[in-house]
Trainee: 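The following block contains the structure, expressed as structure tokens.
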2 protein chains.
Amino acid sequence: MAGIKDVAARAGVSVATVSRVLNDHSGVREETRTRVLAAVSELSYRPNTLARSLRTDQTRTLGLVISDVLNPFFTELARAVEDEARARGYSVIIGNADEQLTLQDHHVRTLLDRRIDGLLVSPADGDSLALREAALAGIPMVFVDRWIAGLDVPLVRADGRSAVRELVAHLYALGHRKLAIITGPVASTTSNERLAAFRGALAEHGLPLPDHYIGQGDFQTASGRRVTESFFTLPEPPDAVFATDNLMALGVMEQVRTLGLRVPDDVSLAAFDDIPWFLHTDPPITAIAQPTQQLGHRAVAALTDLVERRSPLGAPPGPRPGEKSGGGSAGSVTLSAHLIARRSCGEDERTRR
Amino acid sequence: MAGIKDVAARAGVSVATVSRVLNDHSGVREETRTRVLAAVSELSYRPNTLARSLRTDQTRTLGLVISDVLNPFFTELARAVEDEARARGYSVIIGNADEQLTLQDHHVRTLLDRRIDGLLVSPADGDSLALREAALAGIPMVFVDRWIAGLDVPLVRADGRSAVRELVAHLYALGHRKLAIITGPVASTTSNERLAAFRGALAEHGLPLPDHYIGQGDFQTASGRRVTESFFTLPEPPDAVFATDNLMALGVMEQVRTLGLRVPDDVSLAAFDDIPWFLHTDPPITAIAQPTQQLGHRAVAALTDLVERRSPLGAPPGPRPGEKSGGGSAGSVTLSAHLIARRSCGEDERTRR
DNA sequence: GCCGCGCATGGAAACGATTACATCGGTCAT
DNA sequence: ATGACCGATGTAATCGTTTCCATGCGCGGC
């Protein structure tokens, strides 16, 4: 494969000049430039990014570690991230953690080894050594959707609390009183927030949330099935189930069907995260929708800001002027989620139509 | 960030020795080795893969270019690919082509620039300059699922023809006579094969396949909607529609609902590619299932074979002994797909239950 | 007529690893 | 005792770029 030397030789100039042309630095005679460009295309030369990155210490690459590729929410997110990154001249390397801490850390390390310029993470449950180290080492880093308490890393997410309140009101209005929830892993920040909001909203309606109505899931389909099964061994099964992500909702559907029951006749179902398929399930599933694309875009914006602020100027990473630093770390963004009522919780005036 | 020199200094040895320890080459005294290892962990040193790859001319990285991340079939494939690759000590960089030729070529070039060791592609419709060049340049490369005619690149895929025949028989048995199909892009190899098989099977049953029952899609949801809409402006709309991928099937569902019609009462629906959601749509969708995971695994196996055969030995790439080179390029693999009948085509003894 | 300056270009040192080759004791066979 | 050999380690070249500094040249001002 042709190298910069070959190009230089062919154009009759030095490698330095070729490099200047390629990175369009000023101070190259027009005629020389065209000669170089000609040589480049004749040899169909492409710079070796490895060498380039080694020298310049930047890869123009972002790492994205997502919790689960099979979850449509995350693939939509990944897609948005990639789009925005490409628009800004970065490429993205995706690592899929499959909700496993060890796999997540594996990917974080691999990405860091590749010397990515910045890291976007939707961290799995639990304490991640790799992430803690990376944050301490000052790797530009942004959390999306989920986060790790105690780490001073900007966070881009949607606050689902008011939407959860809406949901509970909706369920209450439809006559449901025995509401259950399926959470994510114990330490999952998003899941805990959703649980807290759920509990709070129930209290507002004077409803209890007994422990046996709190199912411990792990954001994956199988756990939705398992928890549903256990719900229906209770003397008094819930009449509505709120799954804190879409895969677990799928699990609920599967198990409900296995048990020979029906949604919403035997039990209502709602999910966090809306996805296209929910429109066409039987019945269509009520869900809380996040502005997924925007999350991706904003996250990349926040990250590239971080990346680019640290290299050119030695400016200290103090908060920028026009940024509302609402609570979290500088650069954090909080969008909002909203309820989309469908038939899976029973009929009402909004869904009957 | 600490470099190999720092480790060497700390351990009181030369960089060569450190390198030898790190790549466990023989001929390092046990005591020296432990001293080096100690230094490594004290400095929490991690080798710079850029430098390493630059020198060794291999990245232990595979590129995967998929047609559409939002398509569950491809994310499942991607996941299988990543798993298998990781098991073999490779990492994977995914590029999402979004069914666009230019985006695909962009990713192919980017991946090549990164000096990946091998490329796995499920090529989009049309003639790809980048892929042609890569193949000619001898980049180790394997096609998965889709392929490009005329390029001598191994192909790992599932042959859906017999499953399509099964499907047509199924539809015929249910009394359908006006069968339509929604294809992918014109030049798409998989779509064409499915179309041909469909046409052939119809002929076996003495059924015609008029042009207006062939809808031109592009493997994306919106095209499924569009084609469905046009089907229902025909004087005689089809009574069954076969979508050649799952996203277009989703589009059909959406449009059928928009038109105020119902599946399967007003029109039957079947799709190529089975996905978990199809079990829970209203109604559950009859689909042709591919062994997706296996496709991913076998593709990686084929690719790493290629990669590893070319470096250590100068062995010519002739076909290996125990390989059935069925028609395609050496290393090709063909698995089979099968029909999963559900209610979207109407009731019969298999689905009524 | 000379100095200094700016412009276009080239030479060569990095970046951080791997690895061929040299070196240096020590052991053993002759 | 000598040299061949071997095992453990070090020296330095190398991969393909970028970039600092030097160089040479033409030109305007004095």
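Residue numbers start from 1 in every chain, and the chains themselves are labelled A, B, ... in the order their sequence lines are given, proteins ahead of strands. Treat the numbers as computed from the prediction; the structure is a model and nothing was measured.
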Trainee: Atom CG of B:Leu50 to atom P of D:dT18: distance rounded to whole Å?
Mentor: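 My rounded result for the distance is 14 Å.
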Trainee: What integer distance in Å separates B:Ile4:CD1 from D:dG10:C1'?
Mentor: 13 Å
Trainee: Quick one: A:Arg114 CZ to C:dG16 C1', roughly how many Å, whole number?
Mentor: 17 Å
Trainee: Does the side chain of A:Ser128 pick up a donor-acceptor pair with the side chain of A:Asp105 at under 3.5 Å?
Mentor: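 There is such a pair (donor and acceptor under 3.5 Å, judged by atom type) between the side chains of A:Ser128 and A:Asp105.
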Trainee: Between P on D:dT19 and CG on A:Asp57, what's the gap in Å once rounded to a whole number?
Mentor: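 One finds 11 Å between P of D:dT19 and CG of A:Asp57, rounded.
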Trainee: Please enumerate all protein N or O atoms sitting under 3.5 Å from an N or O of nucleotides 5-11 of chain C, with distances to 0.1 Å.
Mentor:
from, atom 1, to, atom 2, distance (Å)
C:dA8, O3', A:Arg29, NE, 3.4
C:dT9, OP1, A:Arg29, NE, 3.4
C:dT9, OP1, A:Arg29, NH2, 3.0
C:dT9, OP1, A:Thr32, OG1, 2.4
C:dT9, OP2, A:Arg29, N, 2.9
C:dT9, OP2, A:Thr32, OG1, 3.2
C:dG10, OP2, A:Ser14, N, 2.7
C:dG10, OP2, A:Ser14, OG, 3.1
C:dG10, OP2, A:Thr17, OG1, 2.8
C:dG10, N7, A:Arg20, NH2, 2.9
C:dG10, O6, A:Arg20, NH1, 3.4

Trainee: So which heavy atom on B:Arg86 is nearest to which on A:His106, and how close?
Mentor: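 Minimum heavy-atom separation between B:Arg86 and A:His106: CD-NE2, 3.4 Å.
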Trainee: Do the non-hydrogen side-chain atoms of B:Leu131 and B:Leu119 ever get within less than 4.5 Å of each other?
Mentor: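 The answer is yes; the side chains approach within 4.5 Å.
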Trainee: Starting at atom CD of A:Gln58, determine the distance to atom C1' of D:dT19, rounded to an integer number of angstrom.
Mentor: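 About 14 Å, once rounded to whole Å.
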Trainee: Need one value for B:Asn23: base, sugar-phosphate or nothing, where a base atom within 4.0 Å counts as base even if backbone is also close, heavy atoms only.
Mentor: sugar-phosphate
Trainee: Figure out the CG/P separation between A:Leu22 and D:dT17, and round it to whole Å.
Mentor: 9 Å
Trainee: Does any donor atom in the side chain of A:Ser53 or A:Thr59 lie under 3.5 Å from an acceptor atom in the other side chain?
Mentor: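 The answer is no; no qualifying pair exists.
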Trainee: Determine whether a donor-acceptor pair (one donor, one acceptor, N or O, separation below 3.5 Å) exists between the side chain of B:Arg55 and the base of C:dT18.
Mentor: yes
Trainee: What's the shortest heavy-atom distance between B:Arg10 and B:Leu43, and which atoms?
Mentor: NH1-CD2, 3.7 Å
Trainee: Between atom NE2 in B:His25 and atom C1' in D:dT9, what is the gap in whole Å?
Mentor: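 Going from B:His25 (NE2) to D:dT9 (C1'), I get 15 Å.
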Trainee: Are the side chain of B:Ser19 and the backbone N or O of B:Val15 linked by a donor-acceptor pair below 3.5 Å?
Mentor: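 No, the answer is negative, given that no donor and acceptor are paired below the 3.5 Å cut-off.
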Trainee: Tell me the interatomic distance from A:Arg52, atom CZ, to D:dT18, atom C1', rounded to whole angstroms.
Mentor: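 Interatomic distance, CZ of A:Arg52 to C1' of D:dT18: 9 Å.
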